[in-house]
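Step one of this worksheet: look at the structure below.
Throughout, a chain's letter reflects where its sequence line sits, starting with A, and its residues are numbered from 1.
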Protein chains: 12
Amino acid sequence: MNILIINGPNLNLLGSRETNVYGDKNFETYLKELKIEHTEINFAYFQSNIEGELINCIQQESKKVDGIIINAGGYTHTSVAIGDAIGAVETPCVEVHISNVYARESYRHESRIAHRCVGVMSGFGLDVYRLAANYLVRHA
Amino acid sequence: MNILIINGPNLNLLGSRETNVYGDKNFETYLKELKIEHTEINFAYFQSNIEGELINCIQQESKKVDGIIINAGGYTHTSVAIGDAIGAVETPCVEVHISNVYARESYRHESRIAHRCVGVMSGFGLDVYRLAANYLVRHA
Amino acid sequence: MNILIINGPNLNLLGSRETNVYGDKNFETYLKELKIEHTEINFAYFQSNIEGELINCIQQESKKVDGIIINAGGYTHTSVAIGDAIGAVETPCVEVHISNVYARESYRHESRIAHRCVGVMSGFGLDVYRLAANYLVRHA
Amino acid sequence: MNILIINGPNLNLLGSRETNVYGDKNFETYLKELKIEHTEINFAYFQSNIEGELINCIQQESKKVDGIIINAGGYTHTSVAIGDAIGAVETPCVEVHISNVYARESYRHESRIAHRCVGVMSGFGLDVYRLAANYLVRHA
Amino acid sequence: MNILIINGPNLNLLGSRETNVYGDKNFETYLKELKIEHTEINFAYFQSNIEGELINCIQQESKKVDGIIINAGGYTHTSVAIGDAIGAVETPCVEVHISNVYARESYRHESRIAHRCVGVMSGFGLDVYRLAANYLVRHA
Amino acid sequence: MNILIINGPNLNLLGSRETNVYGDKNFETYLKELKIEHTEINFAYFQSNIEGELINCIQQESKKVDGIIINAGGYTHTSVAIGDAIGAVETPCVEVHISNVYARESYRHESRIAHRCVGVMSGFGLDVYRLAANYLVRHA
Amino acid sequence: MNILIINGPNLNLLGSRETNVYGDKNFETYLKELKIEHTEINFAYFQSNIEGELINCIQQESKKVDGIIINAGGYTHTSVAIGDAIGAVETPCVEVHISNVYARESYRHESRIAHRCVGVMSGFGLDVYRLAANYLVRHA
Amino acid sequence: MNILIINGPNLNLLGSRETNVYGDKNFETYLKELKIEHTEINFAYFQSNIEGELINCIQQESKKVDGIIINAGGYTHTSVAIGDAIGAVETPCVEVHISNVYARESYRHESRIAHRCVGVMSGFGLDVYRLAANYLVRHA
Amino acid sequence: MNILIINGPNLNLLGSRETNVYGDKNFETYLKELKIEHTEINFAYFQSNIEGELINCIQQESKKVDGIIINAGGYTHTSVAIGDAIGAVETPCVEVHISNVYARESYRHESRIAHRCVGVMSGFGLDVYRLAANYLVRHA
Amino acid sequence: MNILIINGPNLNLLGSRETNVYGDKNFETYLKELKIEHTEINFAYFQSNIEGELINCIQQESKKVDGIIINAGGYTHTSVAIGDAIGAVETPCVEVHISNVYARESYRHESRIAHRCVGVMSGFGLDVYRLAANYLVRHA
Amino acid sequence: MNILIINGPNLNLLGSRETNVYGDKNFETYLKELKIEHTEINFAYFQSNIEGELINCIQQESKKVDGIIINAGGYTHTSVAIGDAIGAVETPCVEVHISNVYARESYRHESRIAHRCVGVMSGFGLDVYRLAANYLVRHA
Amino acid sequence: MNILIINGPNLNLLGSRETNVYGDKNFETYLKELKIEHTEINFAYFQSNIEGELINCIQQESKKVDGIIINAGGYTHTSVAIGDAIGAVETPCVEVHISNVYARESYRHESRIAHRCVGVMSGFGLDVYRLAANYLVRHA
């Protein structure tokens with residue numbers, strides 16, 4: 001089972017950025033723990049602050065994996081192009097957010113990629129990645 | 001670990017209603033399977049088509065359980081009162097939807113209860129209840 | 001030929017409520033006259049002020065009848081859940097209004113159930129129920 | 001009993017235009033059947049694709065008839081002027097639509113003439129003309 | 001001094017239509033009086049219920065006159081095309097309304113032709129035509 | 001002097017729910033104090049979380065009392081049907097809110113029942129019920 | 001107990017202005033009666049049609065009184081500056097309206113000062129000033 | 001015949017302000033010419049940049065004159081209070097604008113006082129005052 | 001190869017109307033040149049200022065040609081009825097505009113017929129007709 | 001070098017009003033310090049809570065100075081008339097705000113005067129006046 | 001004649017992505033055919049999924065070519081920055097879309113770059129590139 | 001004192017791009033002059049047309065400097081992600097614009113990064129960078 005996690009802009013700062021919202025664990029540490037817990041899954045990981053590189057990644061890696069977990073960060077709310085990329089590939093994609101975006105600023109309530117995904121998970125802290133992987137594994 | 005599942009209007013028709021959207025398994029069958037898989041969880045279940053009875057249930061049962069999973073159906077998009085009820089109790093609540101509401105009519109994109117919940121899971125079929133329970137168990 | 005008439009909130013006050021808008025005949029009297037005129041139709045009748053009971057009625061009675069005539073009153077403009085209930089059953093449903101809602105306050109111009117019905121009749125006084133029944137009988 | 005039926009733009013194509021939406025019977029055939037069924041009614045009929053000719057017809061013919069049935073087609077959603085014409089004459093007018101406009105594109109949900117009519121019937125196929133005539137006859 | 005008065009849809013009904021709003025004098029009578037009072041002006045007059053004929057008139061007659069007074073009736077609020085016609089000719093044009101449109105329904109507050117005219121006069125009853133002519137004469 | 005107080009959804013939790021917003025006194029205690037202070041008033045009290053039961057109460061009890069004080073809670077912002085019920089009875093009705101709704105979320109700023117009431121009082125804590133009663137007594 | 005009543009534009013015309021809406025008693029007469037009824041309160045009164053003078057009054061008089069009752073008239077709906085003035089002083093302020101603004105034109109439904117006040121009372125005729133004073137006295 | 005002209009903010013700068021829009025004649029010069037031309041009218045004139053002083057003037061002077069011509073300048077688009085003042089007095093009032101506001105910025109298209117006036121004249125340069133006076137004289 | 005060009009309101013003024021926007025060549029001259037260049041195409045041409053005549057033309061001529069090029073002028077932005085006519089016939093239709101409508105007033109950005117056409121070409125001057133014909137020829 | 005600083009409503013309360021937002025220094029103290037630091041500039045200062053007096057000041061003083069710094073306070077967001085006054089004079093004007101209005105309530109994000117100014121500075125505390133003066137001096 | 005074709009995000013997937021919308025030919029194949037057909041044109045080609053690289057390309061290559069054909073894909077609807085880049089260079093630019101965007105989701109109807117281009121072509125399949133080139137060649 | 005200047009898309013074209021809006025000096029020349037004038041400041045400079053590289057720069061360089069001056073160009077109005085990056089770092093950031101964005105197209109009036117900055121300066125030409133630096137130096 002191969003799963004690709006794609007993190008968008010500013011998620012490389014997890015653990016140091018607005019820790020009251022996002023917590024104080026960085027993503028690499030979290031991912032290490034996740035891999036230990038789920039040795040049956042082969043996780044690939046990509047992070048970029050550049051919208052088009054996220055699109056490149058979706059296009060180039062989607063065929064190599066059974067599922068994609070994407071946290072597009074701020075691009076979630078503005079990027080028609082990432083939504084188009086997800087719609088252009090056949091690999092099932094789960095949109096995730098660490099914080100509950102519906103309890104934050106109104107401009108975070110709209111997602112331009114959600115309708116192209118299998119589903120959306122918003123809130124649940126870093127555990128949202130494990131939950132999305134759990135879904136993908138069961139429905140592979 | 002006690003978890004209360006609350007289903008709102010028309011979810012009693014699961015398995016016969018718009019099966020292309022919601023699948024052909026009824027909720028009772030699903031819940032039986034879920035209990036078998038997760039014997040460590042004590043599931044309570046309540047369904048009603050009446051908005052105020054959902055509020056009654058939240059108020060009366062919340063103290064008896066460690067977490068609530070709520071699929072408020074059509075009331076999700078219109079009920080300030082259910083949102084207020086969730087905000088009035090301390091038990092963590094997860095909003096779930098069987099279908100991906102963001103891939104459906106635009107009036108299903110807005111939730112009036114999401115900002116009072118821990119998080120939202122939309123899509124994933126009936127498996128969304130298991131995923132929400134999974135989260136609640138881990139974070140109890 | 002079995003037809004179910006469902007009246008929503010405040011329609012139990014017909015004949016005494018805002019008689020300049022709704023006329024001074026109560027619904028029971030009207031229904032008696034209608035039955036006398038149309039002995040070929042077996043009319044069932046349900047009224048409730050409770051949104052969820054209207055949903056219950058749609059769910060439980062729809063299979064027993066050949067057509068439903070629904071005047072959802074104030075819930076017409078706010079209830080996604082009643083619209084979902086109509087969409088969930090196969091019995092053809094006609095939405096009716098005694099007054100011409102398009103000649104009244106703008107918030108009465110939008111219906112959240114119309115798109116799930118066979119058609120809509122608005123205006124025509126109490127006679128709108130007969131007209132809807134007339135349609136259902138001919139297209140049974 | 002004299003009733004005038006006014007059909008607006010593109011309704012002259014009934015029977016050949018988008019038959020999945022409007023059916024495959026042309027209006028002349030339908031009207032012939034309707035006249036046979038309702039010999040007690042004297043039907044006049046006018047169709048034009050020109051907005052102002054519909055207004056001319058309303059102005060010139062309204063005094064000669066006991067009721068008007070108008071399907072203003074695409075002008076329903078844009079014509080303040082036709083609405084004004086209906087408001088300027090005293091003959092009761094019923095707005096009709098063959099398809100259920102509320103189940104179609106959102107720009108078909110607004111009518112600029114409905115508030116000047118006795119009532120609106122939307123959906124019910126070609127039978128909507130008979131139902132409107134039925135109302136007018138009873139309330140003449 | 002040549003002035004062309006153009007009246008749009010339903011203004012041929014002046015004197016009989018909604019007399020509480022528009023008064024009980026028909027336009028022909030009014031125009032006769034106006035001509036008697038202002039023998040120094042040569043009035044031409046055109047009325048049509050057809051939007052395109054109003055455009056034809058503007059195009060064909062504008063060069064023959066020193067000014068145009070236009071009451072486009074219901075087309076005022078919807079017709080980009082009439083606004084374009086006024087913008088396409090060089091003759092100064094005054095938009096007039098018999099009733100004060102700003103004290104009526106909100107959809108009468110917007111004019112799609114006003115920005116192409118020299119100015120707008122709304123209200124003042126039938127006298128609005130004399131006032132517009134008065135302006136055109138002085139600024140010829 | 002008979003006054004009916006109607007409390008809507010979640011107001012049964014007063015004293016325990018979001019005490020920073022609503023205070024820590026429950027409504028029963030408050031009502032007891034109010035009755036002691038105003039022995040000249042005969043208070044009836046009804047609370048329900050069910051929208052339709054609030055309507056039932058308005059319909060059935062309005063004739064027995066000289067005035068109604070209604071705090072419709074979350075239904076204030078969504079219920080056309082409760083507004084219709086108030087408009088359908090003749091007993092004067094005062095809309096009240098414990099917190100100042102205009103200083104809270106924007107969705108609490110709109111009331112769908114206010115235009116059917118004698119007036120609105122928003123803010124003033126639990127004392128708002130006494131103030132509304134004071135008004136009703138003086139204007140009985 | 002010192003209470004300042006501030007009346008905004010056109011409230012000096014009370015008793016002669018639109019008496020069907022505002023009644024036929026002028027404010028000075030009403031205030032005299034109010035003082036006789038409530039000798040325990042020392043009422044100060046200020047009226048101006050000038051927005052900035054209302055602000056001056058709030059700034060200069062607020063420290064001398066225990067509470068302010070403000071009816072900002074037409075400025076209620078447009079004045080950020082008066083709202084800022086209320087927010088800038090510590091004296092509790094009650095917004096009042098003689099008529100029920102929610103039953104009038106939609107532009108009267110929005111208040112730009114309500115969120116800076118303790119609460120709002122709308123409707124209740126001139127008695128609204130007594131009710132606001134009653135609240136301020138009890139909570140001084 | 002007594003007519004009061006009220007000019008609002010920045011109209012004291014006529015002749016020097018944005019002369020491409022408003023022309024290069026100041027209002028005093030214009031008024032002198034107007035008085036010479038219309039000796040049968042007794043013109044009173046008031047200008048202020050202060051919104052409330054315009055209201056004061058309407059209230060205090062309206063009974064002394066047969067008609068009011070008001071150019072409220074920038075307050076036209078924002079002042080509910082001036083609209084209320086016009087509605088509170090019985091003297092007929094004509095709203096005028098020197099430039100055609102509908103051919104300028106969109107925020108100049110809305111008037112908050114027009115619905116309280118007899119009518120509106122927009123455009124026509126300074127001559128708009130003479131035209132408004134002409135109307136008032138004829139309809140005194 | 002038969003192609004029908006349909007021009008809407010005011011396009012008969014090409015060459016004299018707003019020449020800075022539309023150029024100074026009239027359409028007849030242009031069409032003559034186009035025919036000389038493309039002798040393989042049989043061009044039919046229709047122009048009218050009347051909305052309904054454009055619809056008549058679409059209905060009556062569509063079967064005789066292999067493609068339609070339509071410049072609906074001002075009706076582009078307002079006519080549901082023309083859009084319906086295009087949708088009702090099977091001949092492929094290309095919407096064209098001489099000027100780039102997206103660089104002009106915002107009300108010219110919306111087309112009510114574009115979604116019923118094969119495609120849209122906006123800008124390119126009169127050459128847009130040749131380009132549309134070029135497309136139709138290649139894809140006949 | 002002469003610079004006029006104009007402060008609008010409630011800015012006379014600086015130092016005592018909402019000190020968490022605006023700081024605890026009053027403007028007179030600040031201005032004294034500013035004059036000491038910039039002896040090459042001759043500062044004039046005007047404050048008023050009255051919108052029209054701000055306009056009077058702009059009109060009367062603008063010719064005497066080389067630049068204007070205006071903090072229109074709450075009128076920033078509502079006053080077309082102040083914007084018009086700035087547009088009517090030739091002296092360059094800088095709009096300033098002590099707090100960053102874009103980080104506050106959404107109704108503070110719109111300025112009705114900004115487009116008539118040379119530029120806008122928002123945020124930076126009281127230092128914003130010095131920065132604006134700095135700009136004006138360099139570009140005199 | 002030098003023409004630069006710029007393709008934005010996901011257009012590198014042409015031929016494999018949503019073939020029902022975009023067809024099954026990849027762009028390289030198409031371009032080869034186009035070059036064979038139009039040997040008089042020297043085509044340069046650039047594709048990137050990165051918004052800023054599209055801007056880089058416009059800036060760096062525009063001076064080397066006689067015209068640009070840009071299909072900005074999903075960035076069409078969101079990118080002010082690409083629109084600015086087109087506006088910043090002098091080379092004429094044609095916006096193209098393979099599918100008819102006006103017949104798709106509403107968020108594809110708005111273009112943030114169209115007003116900076118010579119014109120827009122939407123629909124026409126891959127042939128849209130040839131048509132745009134055809135225009136550029138003729139108007140070079 | 002270390003200050004980082006970040007320029008977004010198309011600002012590398014300063015001096016050649018739309019010189020009527022932005023002037024004819026390129027940024028490198030300006031920066032050289034600024035460094036000569038302010039030798040006490042150590043300026044770092046970064047420009048990119050790629051949104052994500054602006055984010056990279058903010059993340060990587062913010063800790064090395066005492067303040068950031070950012071002109072995000074067209075991304076100002078669309079980029080949630082850049083706003084998030086500014087919010088994620090602790091270095092004070094000033095948003096600047098060379099032209100007064102409030103006097104330009106309406107889509108330039110909204111900034112998605114302003115609320116995360118210390119303040120905003122819009123207008124003032126290239127001098128805006130010096131003014132922002134001036135602020136940062138004083139408040140370091």
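- Looking only at atom types and distance, the side chain of F/His139 has a donor-acceptor partner in the side chain of G/Asp127 under 3.5 Å away.
- Pairs passing the salt bridge (charged side-chain N to carboxylate O under 4.0 Å, His left out) check and including a residue from residues 113-126 of chain F, sequence neighbours excluded, read C/Glu18-F/Arg116, F/Asp84-F/Arg116.
- Around atom CD of G/Glu40, more than 12 heavy atoms belonging to other residues, nucleotides or ligands sit under 6.0 Å away.
- Considering all non-hydrogen atoms of both residues, G/Asn134 and F/Leu131 come closest at OD1-CD2, 3.9 Å.
- Interatomic distance, OG of F/Ser106 versus NE2 of G/His115, reported as 12.5 Å (0.5 Å rounding).
- From F/Arg130, atom CZ reaches atom CZ of G/Arg138 across 3.5 Å, with rounding to the nearest 0.5 Å.
- Proximity to chain G is limited to the side chain of F/Val94, based on heavy atoms less than 4.5 angstrom apart.
- In this structure, G/Tyr135 and F/Phe124 have perpendicular ring planes: the angle between them is above 60°, well past the 30° mark.
- Note on G/Pro92, G/Gly123, G/Ala114: by heavy-atom pairs under 4.5 Å with chain F, the leading option is G/Ala114.
- Your options are G/Val101, G/Val120, G/Val96, G/Asn100, and the one with the most heavy-atom pairs under 4.5 Å with chain F is G/Val120.
- Put simply, of F/Gly125, F/Ala132, F/Ser122, the one with the most heavy-atom pairs under 4.5 Å next to chain G is F/Ser122.
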